[in-house]
Amino acid sequence: MSSELFRRYEENPILTAAKWPYTVNAVLNPGATRFGGETLLLVRVEDRTGLSHLSVARSADGLTNWIVEPDRSLLPKVDVESERFGIEDPRITLCGDEHLILYTGYSEVGPLVCLAATQDFRSYERRGVVMPPEDKDAALFPRPFDGRWALIHRPVAKAPAHGAHIWLSWSPDLRHWGDHTILLQARKGSWWDAHKVGLNPPPLLTSQGWLLLYHGVRVTAAGSIYRLGLALLDAERPDRVLARSTEWIFGPHAPYERAGDVSDVVFPCGWVLDDDGDTLFLYY
């Protein structure tokens with residue numbers, strides 16, 4: 001029996017490039033939400049140009065009979081510097097009647113954090129760059145705290161020795177951000193999350209606080225390994241870390257995780273809580 005916390009769906013992978021209705025190189029890293037009584041994935045689709053866009057796939061049970069809808073895609077604006085080399089890795093948060101999408105834009109000077117909003121996943125309102133390069137792995141909490149929105153993200157220092165850590169920033173209006181602080185620091189030495197860490201799906205509120213699923217990267221002689229761990233934040237003070245994994249809880253094991261364009265990676269951008277209130281569907 002596996003000691004990992006999550007159990008792999010026996011029909012994995014649920015979506016592949018071969019199942020896409022047009023020619024692409026890869027489909028990966030989907031954001032996830034419930035919409036119209038279905039599970040909706042906003043999938044990163046990498047074209048054979050090398051650039052990525054985001055496209056909708058939906059399923060009644062979140063497992064089978066996926067319907068891909070290219071006409072509901074969010075396409076990069078390649079004439080805009082922030083999206084010149086594509087858009088990637090969405091995280092979706094429902095705030096009121098809007099789904100707010102934090103995604104990575106790829107510019108000439110590196111990745112940056114962008115924000116878009118939608119009510120129907122057909123039309124998207126771009127709200128611009130939230131964090132400048134180099135920054136990614138961003139998601140919002142679904143509600144403000146004392147009148148301020150909180151953003152988790154992962155800037156990268158230019159000096160590699162400094163590592164890459166998870167940060168928390170605050171805003172009164174989703175446009176102007178400040179009070180930047182480190183939330184989770186990459187460990188040092190031989191730890192599974194020693195090189196860099198980054199958020200995966202958006203924070204999930206539980207009876208114990210905000211649950212975070214994050215990735216840690218360990219650099220070995222054979223390359224980097226991406227694994228997942230958990231952290232718990234205070235429900236009213238998300239800058240307070242109550243607990244953090246010492247061990248990783250999910251890592252690359254299956255053939256479709258060990259081999260590919262990038263090997264030895266598990267990387268979710270979305271999860272959905274089932275109607276039973278206890279089962280999590282993790283999309284990676």
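Values reported hereafter were calculated over all heavy atoms of this structure, with side chains retained and with hydrogens, waters and symmetry mates removed. One-based numbering along the sequence shown. On a predicted model such as this, the values are computed, not experimentally measured, just so you know.
- Nearest heavy atom pair, residue L102 against residue A138, reads CB-O, 3.5 Å.
- Within the 4.5 Å cutoff, the side chain of H180 has heavy atoms near those of the M131 side chain.
- Using a 4.5 Å heavy-atom threshold, the side chains of L242 and L233 count as separate.
- Through chains of ILVMFWY side-chain contacts below 4.5 Å, Y103 is grouped with F35, L40, L42, L54, V56, L74, I87, I92, I101, F121, Y124.
- Between L211 and P203, every side-chain heavy-atom pair lies at or beyond the 4.5 Å cut-off.
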Inset, instruction - Determine, stepwise, if the pair E88 / E46 fulfils side chain to side chain contact (heavy atoms under 4.5 Å, CB included). - result: CA-CA 9 Å; E88 308 174 355; E46 185 188 284; over 6 Å; no
Inset, instruction - Apply salt bridge (Lys or Arg N to Asp or Glu O under 4.0 Å) to E4 and R8, showing your working. - result: CA-CA 10 Å; E4 292 183 325; R8 289 167 177 81; 2.7 Å; yes
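- A distance-only check finds no donor-acceptor pair linking the side chain of E83 to the backbone of S107 [under 3.5 Å].
- Around the CG atom of D71, the shell of radius 6.0 Å holds more than 12 heavy atoms that belong to other residues, nucleotides or ligands.
- Taking the six-membered ring where the residue is Trp, H215 and F267 present tilted rings, their angle falling between 30° and 60°.
- Using a cutoff of 4.0 Å between basic side-chain nitrogens and carboxylate oxygens, D264 and R227 are not scored as salt-bridged.
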Inset, instruction - May I have the step-by-step check of side-chain hydrogen bond (donor to acceptor under 3.5 Å, both in side chains) for S169 and H153, ending in yes or no? - result: CA-CA 8 Å; S169 298; H153 58 114; 2.7 Å; yes
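- No donor-acceptor pair closer than 3.5 Å links the side chain of D274 to the backbone N or O of G277.
- Judged as a salt bridge (charged side-chain N to carboxylate O under 4.0 Å, His left out), and not counting sequence neighbours, D135 has no contacts.
- At least one side-chain heavy atom of D239 sits under 4.5 Å from a side-chain heavy atom of R237.
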Inset, instruction - Kindly determine whether W149 and F141 satisfy ring-ring contact (aromatic ring centres under 6.0 Å, His included), including the steps that lead there. - result: CA-CA 7 Å; W149 296 95; F141 289 82; 9.9 Å; no
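- Within 6.0 Å of NZ on K19 lie more than 12 heavy atoms contributed by other residues, nucleotides or ligands.
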Inset, instruction - Show your reasoning for whether side chain to side chain contact (heavy atoms under 4.5 Å, CB included) applies to R58 and R72. - result: CA-CA 11 Å; R58 56 185 176 87; R72 300 174 74 177; 3.9 Å; yes
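- Using a 30° and 60° split on the angle between ring planes, Y284 and Y256 fall in the tilted class, from 30° to 60°.
- Within 6.0 Å of NE2 in H253 there are 12 or fewer heavy atoms belonging to other residues, nucleotides or ligands.
- Under the 4.5 Å side-chain criterion, counting only non-hydrogen atoms from C-beta, R126 is in contact with K77.
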Inset, instruction - Please lay out, stage by stage, how N25 and D47 fare under the test side-chain hydrogen bond (donor to acceptor under 3.5 Å, both in side chains). - result: CA-CA 5 Å; N25 177 61; D47 295 325; over 6 Å; no
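- Taking the six-membered ring where the residue is Trp, Y22 and W20 present perpendicular rings, their angle passing 60° and hence far from 30°.
- In this structure a side-chain-to-backbone donor-acceptor pair under 3.5 Å is missing from W271 to L213.
- The CZ atom of R154 lies 6.5 Å from the NZ atom of K136; values are rounded to the nearest 0.5 Å.
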Legend entry - Stepwise side chain to side chain contact (heavy atoms under 4.5 Å, CB included) test for R84 and D79: CA-CA 6 Å; R84 183 161 297 172; D79 58 338; over 6 Å; no
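- With hydrophobic clusters built from ILVMFWY side chains whose heavy atoms lie under 4.5 angstrom apart, L204 shares a cluster with V266.
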Inset, instruction - Assess whether side-chain hydrogen bond (donor to acceptor under 3.5 Å, both in side chains) is satisfied between Y214 and D193, documenting all intermediate values. - result: CA-CA 10 Å; Y214 73 95; D193 54 358; 2.9 Å; yes
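- The environment of CG in N65 is sparse: at most 12 heavy-atom neighbours from other residues, nucleotides or ligands sit within 6.0 Å.
- The only member of L94, L273, V272 that meets side chain to side chain contact (heavy atoms under 4.5 Å, CB included) when paired with R34 is V272.
- Dense packing is recorded around CZ of R127, with more than 12 heavy atoms of other residues, nucleotides or ligands lying under 6.0 Å away.
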Legend entry - Candidate pair I14 and L63, rule side chain to side chain contact (heavy atoms under 4.5 Å, CB included), full reasoning: CA-CA 7 Å; I14 57 172; L63 296 170; 5.5 Å; no
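- Under the 3.5 Å distance criterion, the side-chain polar atoms of S245 are left unmatched by any main-chain donor or acceptor of W248.
- Formation of a donor-acceptor pair under 3.5 Å by the S59 side chain with backbone atoms of T64 is found in this model.
- A donor-acceptor contact closer than 3.5 angstrom links the side chains of Q119 and D97.
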Legend entry - Residue pair H99, T118: steps toward the side-chain hydrogen bond (donor to acceptor under 3.5 Å, both in side chains) verdict: CA-CA 5 Å; H99 286 84; T118 185; over 6 Å; no
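- In this structure, T39 and Y283 have side chains that are in contact, with non-hydrogen atoms separated by less than 4.5 Å.
- With rounding to the nearest 0.5 angstrom, the CZ atom of R44 is 9.0 Å from the SG atom of C269.
- Within the model, atoms CG of D61 and CD of E38 stand 10.0 Å from one another, a figure rounded to the nearest 0.5 Å.
- At least one side-chain heavy atom of N200 sits under 4.5 Å from a side-chain heavy atom of L228.
- Of the candidates L230, L183, V241, L183 is the only one forming a side chain to side chain contact (heavy atoms under 4.5 Å, CB included) with L212.
- Across all non-hydrogen atoms, the minimal contact from P202 to T93 is CB-OG1, 3.7 Å.
- No chain of hydrophobic side-chain contacts below 4.5 Å, direct or via other Ile, Leu, Val, Met, Phe, Trp or Tyr residues, connects W170 to L174.
- By the 4.5 Å heavy-atom criterion applied to side chains, L28 and V43 are not counted as neighbours.
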